[in-house]
Protein chains: 2
Amino acid sequence: MDIESSTTTDSAATGLREAKKRETRQLISDRATELFMAQGFERTTIAEIADAARVAKKTVTNYFPRKEDLALDHQDEFVTGLARAVAAREPGESAFVALRRALLSAVAAQDPVAGFAGPEFTRMIVESPTLSACLRGLHDQREEALAIALAAATGTSAADITPRTAASLLAGVHRVLFHRILDLTLAGHGGKEIAAILEAEATRAFALLEPALADYARA
Amino acid sequence: MDIESSTTTDSAATGLREAKKRETRQLISDRATELFMAQGFERTTIAEIADAARVAKKTVTNYFPRKEDLALDHQDEFVTGLARAVAAREPGESAFVALRRALLSAVAAQDPVAGFAGPEFTRMIVESPTLSACLRGLHDQREEALAIALAAATGTSAADITPRTAASLLAGVHRVLFHRILDLTLAGHGGKEIAAILEAEATRAFALLEPALADYARA
DNA sequence: GCAAAAGTTATGACGGAGGTAAAGTTAGAA
DNA sequence: TTCTAACTTTACCTCCGTCATAACTTTTGC
């Protein structure tokens with residue numbers, strides 16, 4: 001899922017114009033990704049991307065208002081992931097258990113949203129201060145969405161300190177493990193190897209938090 | 001303490017140049033703060049600040065490489081605060097107890113580093129995406145420094161998942177309460193009132209985490 | 001005590017991101 | 001076919017952050 005809500009529509013509108021729009025957008029995104037991977041995010045200018053895609057500079061910034069939007073996709077899926085895991089938890093399951101299960105299955109599936117993004121993509125992000133800052137913002141939004149979900153699940157106000165603290169703790173564990181995957185990816189480890197390491201470490205990390213939140217927000 | 005380590009020296013070096021340097025730096029900082037408060041961070045250009053301080057544009061960016069540096073001072077104190085609290089904990093005291101004590105005393109003292117920065121300053125930060133992103137980065141650095149301190153305190157590697165997770169949890173609580181102070185400041189509450197609210201909420205927030213980390217890194 | 005050298009500071013000029021306005025072009029409707 | 005609305009393009013602008021250059025203060029050699 002992309003940033004724009006328009007992509008949630010089923011491309012039902014009369015095809016030709018919409019189709020060309022999609023193509024143009026995808027073309028720009030592809031060329032941008034290629035250039036970012038090849039020469040880094042900061043070293044790539046919007047003008048270069050526009051030239052590579054054979055469009056005007058303004059067309060690029062029209063589809064992607066900020067340069068970071070060209071690199072970080074699936075933002076909405078990332079931001080809402082934890083909140084959705086809590087909302088979809090099984091009866092009798094606590095938020096803690098649901099989020100631990102979500103992380104372990106994401107690790108087992110080597111889900112890009114959990115941090116399995118490949119060495120080039122990972123290097124692109126950590127080498128760019130702009131993208132790193134953007135990623136921090138996404139983690140923040142994710143925690144905020146989780147706090148709202150926890151407030152709803154426990155029948156408390158979203159301004160209350162308890163759901164906000166719980167969200168911070170739970171999202172914090174996810175964030176630590178996310179960055180652990182990034183670190184291991186940069187160290188040259190393969191996906192399967194990382195998944196094996198992470199399964200053990202995630203279990204330990206959640207075990208540390210378990211005494212505090214094992215029963216919080218039980219459905 | 002400022003960003004530059006040069007300010008740690010006692011201004012012993014031959015006076016004239018150093019003195020003028022200090023004066024110029026302070027003058028720029030003062031004019032910048034005035035303008036930021038009056039018309040907001042994003043709406044203030046470096047050229048305006050330079051004009052107000054009667055110096056060249058480049059002189060401003062020479063002292064303050066990035067625009068954010070003009071607004072956010074005391075960065076080092078903020079970043080190292082939690083790690084220092086752990087390093088200076090009393091014998092028999094756990095990291096959890098030391099950090100709870102540090103927060104409660106900072107709240108009682110209405111310490112700016114804890115978030116008591118006044119309504120204008122607070123509004124300046126939250127209304128500026130740039131400054132908000134910068135603040136997120138500082139929180140991140142603070143957590144990282146805490147992780148290193150906890151690894152040292154427990155005799156584990158800084159790459160280990162346990163100190164990193166513990167740092168995330170403890171710094172997370174501090175971050176939630178920091179933003180709570182910001183929210184209450186923006187809502188128009190006074191410092192004493194906020195301190196009273198925060199004392200109760202901080203106690204609750206730490207109580208939530210206590211079962212997990214009460215004995216972690218006991219000195 | 002003086003002059004040259006060395007390091008530091010301020011200055012003007014430049015590249016890139018992001019935004020606005022107006023004109024040209026193309027898809028879809030009457 | 002013709003008109004309307006949208007998307008793309010062009011040109012221009014502001015502003016941040018960096019590069020090479022000029023001016024100054026302190027230090028060093030004589």
Side-chain angles (χ1 to χ4, degrees), chain A residues 3-4 6-7 9 11-29 31-32 35-36 39-72 128-134, chain B residues 3-7 9 11-29 31-32 35-36 39-72 128-134 137:
Chain A
I3 322 162
E4 298 82 32
S6 67
T7 58
T9 65
S11 75
T14 28
L16 189 52
R17 194 135 84 180
E18 296 286 327
K20 289 192 86 172
K21 230 177 127 178
R22 296 277 178 100
E23 283 172 26
T24 302
R25 186 195 167 83
Q26 193 60 43
L27 178 67
I28 293 171
S29 180
R31 295 282 174 262
L35 289 168
F36 289 156
Q39 57 193 41
F41 181 80
E42 314 281 357
R43 283 283 160 213
T44 302
T45 70
I46 293 182
E48 280 180 291
I49 297 167
D51 284 349
R54 310 291 308 274
V55 296
K57 228 183 312 185
K58 189 69 190 70
T59 304
V60 176
T61 66
N62 186 16
Y63 281 101
F64 304 91
R66 290 162 311 167
K67 195 181 172 185
E68 307 93 89
D69 299 333
L70 282 159
L72 297 178
S128 160
T130 304
L131 289 180
S132 296
C134 194
Chain B
I3 322 164
E4 299 82 32
S5 54
S6 65
T7 57
T9 65
S11 76
T14 29
L16 185 56
R17 191 140 83 181
E18 297 286 328
K20 290 192 84 172
K21 216 177 138 181
R22 296 280 178 99
E23 283 173 27
T24 304
R25 185 193 167 84
Q26 193 60 44
L27 177 67
I28 293 171
S29 180
R31 296 281 174 263
L35 288 168
F36 288 157
Q39 55 192 45
F41 181 79
E42 313 282 358
R43 282 285 160 213
T44 303
T45 70
I46 293 184
E48 280 179 290
I49 297 167
D51 284 349
R54 309 292 307 275
V55 296
K57 266 171 266 183
K58 186 67 187 71
T59 305
V60 176
T61 66
N62 188 14
Y63 281 100
F64 303 91
R66 291 162 309 166
K67 195 181 174 187
E68 306 93 89
D69 299 332
L70 283 159
L72 297 178
S128 159
T130 304
L131 289 179
S132 295
C134 193

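All chains are named by letter (A, B, ...) in the order of the sequence lines, taking the proteins before the strands, and each is independently numbered beginning at 1.
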| note | Looking only at heavy atoms, the pair that brings A/Glu42 and A/Thr130 closest together is OE2-OG1, 3.2 Å
| remark: Tested for side-chain contact (heavy atoms from CB on, under 4.5 Å) against A/Leu27, the lone hit among A/Glu23, A/Arg25, A/Arg31 is A/Arg31
Write out a two-atom table: protein N or O, nucleotide N or O from nucleotides 17-20 of chain D, distance below 3.5 Å.
unit_1 : atom_1 : unit_2  : atom_2 : d
D/dG17 : OP2    : B/Lys67 : N      : 3.1

| field | Exercise: identify the closest heavy-atom pair between B/Arg43 and B/Glu48 | value | O-OE1, 3.6 Å
| task | Would you mind reading off the distance between B/Arg54 atom CZ and C/dA10 atom C1', rounded to a whole angstrom? | result | 15 Å
| said: Categorize B/Thr130 for me: base, sugar-phosphate, or nothing, with a 4.0 angstrom heavy-atom threshold over every strand shown. | reply: nothing
| message | Within the 4.5 Å heavy-atom criterion, are A/Ile49 and A/Phe36 side-chain neighbours or not? | response | yes
| task | To the nearest Å, give me how far apart CG (B/Asp51) and P (D/dC15) are. | result | 11 Å
| task | Go through D/dT9, C/dT9, C/dA27 for me and flag the one nearest to the A/Lys20 side chain. | result | C/dA27
| Nearest non-hydrogen partners of A/Val55 and A/Val60, listed with the distance | CG2-CG2, 4.0 Å
| query | Could you give the CZ-to-C1' distance, from A/Arg25 to D/dT8, as a whole number of Å? | reply | 16 Å
| task | Return the value, rounded to whole Å, for the distance between atom NZ of A/Lys21 and atom C1' of C/dG28. | result | 15 Å
| field | Residue-phosphate contact under 4.0 Å: A/Thr45 side-chain N/O, C/dG16 OP1/OP2 | value | no
| query | Should B/Thr24 be listed as having a side-chain N or O under 4.0 Å from OP1 or OP2 of C/dT9? | reply | no
| request: Choose from D/dT10, C/dG16, C/dA10 the nucleotide whose nearest atom is closest to any side-chain atom of A/Ala56. | output: D/dT10
| said: What I'd like to find out is whether the side chain of A/Ser128 reaches to under 4.5 Å of the side chain of A/Glu68, using heavy atoms alone. | reply: no
| Has B/Asn62 got a side-chain N or O lying under 4.0 Å from the OP1 or OP2 atom of C/dT9? | no
| query | Say you draw a straight line from CD1 of A/Ile46 to CZ of A/Arg66; how long is it, rounded to the nearest 0.5 Å? | reply | 11.5 Å
| Expressed in angstrom and rounded to an integer, what is the separation of A/Ile49 atom CD1 from C/dG18 atom P? | 10 Å
| query | Separation of B/Glu42 atom CD from C/dA17 atom P, in whole Å? | reply | 18 Å
| request: Calculate the interatomic distance between A/Lys57 atom NZ and D/dT10 atom P; express it in whole Å. | output: 11 Å
| message | Once pairs are restricted to Watson-Crick or G-U wobble with both distances under 3.5 Å, how does DNA chain C read as a dot-bracket string, [ ] for crossings and | for other-strand pairs? | response | ||||||||||||||||||||||||||||||
| task | Please report, rounded to the nearest Å, how far the P atom of D/dC7 is from the CD1 atom of A/Ile28. | result | 14 Å
| query | Side chains of A/Tyr63 and A/Asp69: closer than 4.5 Å at any heavy-atom pair? | reply | no
| said: Working to the nearest 0.5 angstrom, can you tell me the gap between B/Thr24 OG1 and B/Arg54 CZ? | reply: 13.0 Å
| query | CG of B/Asp51 to NZ of B/Lys57: how many Å apart, nearest 0.5 Å? | reply | 8.0 Å
| query | Under 4.0 Å between a side-chain N or O of A/Tyr63 and OP1 or OP2 of D/dC7? | reply | no
